[in-house]
Each structure stands twice: as C-alpha cells, then as structure tokens.
Amino acid sequence: MTYKKRKVESALERKGFRRRETHHSIFQYYTEAGERTPVWTKTSHGRSGADIGKALFKRMAIQCRLDSDEFRRLVECPLSRAEYERRLRASANI
C-alpha cells in the first residue's frame, strides 16, 4: 500500500508534529502542552505529490515509535493525538 506524501505530512501536522525544512522535511512531535519530544520522522523534498511506499512508511512508523498498522491509524485518523501521546508516555518514549 502507498500513501501520498502530502496526506502523510498533513496528518502528522494535525497530530502535533511540527515541520522544519532542511534538505528533508523533518517532523518533530510536540506534546499537547507544547513540549518538544525526541520523537521525529522525515520525508524527502522529492516530487510534492510523490507516493510513500511500504519500506519508507515502515521506517517512518518506527521513527514515530509505532508499528506500521498503528502508524496507518495515525495517518488515517482513527488514532487520535491524545491516544498517541498516551501510548508514547506509557512506553516511556517521552
């Protein structure tokens, strides 16, 4: 399964990730209280409508401290920001 890069990036920003532009788009997670966390992921500056394939999607999931199915839920919105943050706190990732 592939996802449009714009869709994934938009979903990350809705869930509390903040974008920083370098030679990649870096997405750093900030808590609902506004605290910066060590959780981050990135996308390439390639074509704006490019697809994110299975391998990159899995790497992004790992960077976000989720498995691929949980990351898919984060992107597609069944996994709320509050629930994501609770999971991070419970696993001592933030």
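Every value quoted in this text rests on a predicted model; they were computed, and no experiment measured them.
- In this structure, R19 pairs ionically with E21, as a charged nitrogen and a carboxylate oxygen lie closer than 4.0 Å.
- Proximity of V75 to R72: side-chain heavy atoms (C-beta onward) are nowhere separated by under 4.5 Å.
- To the nearest 0.5 Å, atom NZ of residue K4 and atom CD1 of residue I52 are 10.5 Å apart.
- In this structure, T2 has no side-chain hydrogen bond (donor to acceptor under 3.5 Å, both in side chains) partners at least two apart in sequence or on a different chain.
- Taking each heavy atom of F17 and C64 in turn, the nearest pair found is CZ-SG, 3.8 Å.
- The NZ atom of K58 lies 9.5 Å from the CG atom of D67; values are rounded to the nearest 0.5 Å.
- Donor-acceptor pairing under 3.5 Å is lacking for the side chains of T31 and E85.
- Listed here is the closest heavy atom pair of A61 and F71: CB-CB, 3.4 Å.
- In this structure, CG in L12 is found 6.5 Å from CG in L74, a value given to the nearest 0.5 Å.
- Rounding to the nearest 0.5 Å places CG of L56 at 8.0 Å from OG1 of T43.
- Side-chain contact of R14 with S10: a donor-acceptor pair under 3.5 Å is present, judged by distance alone.
- The minimum heavy-atom distance linking W40 with R65 is given by the pair N-NH1, 4.4 Å.
- Residues T22 and R20 are in side-chain contact: their nearest non-hydrogen atoms beyond the backbone lie under 4.5 Å apart.
- S25 places none of its side-chain heavy atoms less than 4.5 Å from the side chain of K42.
- A heavy-atom distance below 4.5 Å is found between the side chains of R36 and Q28.
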Does C77 form a side chain to side chain contact (heavy atoms under 4.5 Å, CB included) with K15? I'd like the steps, not just the answer. CA-CA 9 Å; C77 293; K15 297 297 174 87; 4.2 Å; yes
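- Side chains of E76 and Y3: a donor on one and an acceptor on the other come within 3.5 Å.
- In this structure, the side chains of E83 and R73 come closer than 4.5 Å at one or more pairs of heavy atoms.
- Between the T37 side chain and the Y29 main chain, a donor and an acceptor come within less than 3.5 Å of each other.
- D51 has no carboxylate O lying under 4.0 Å from a charged side-chain N of K5, or vice versa, which leaves the two without a salt bridge.
- Looking only at atom types and distance, the side chain of Y84 has no donor-acceptor partner in the side chain of E70 under 3.5 Å away.
- Atoms OG1 and CE, on T41 and M60 in that order, are 4.0 Å from each other to the nearest 0.5 Å.
- Residues F27 and V39 form no side-chain contact, since every pair of their non-hydrogen atoms from C-beta on lies 4.5 Å or further apart.
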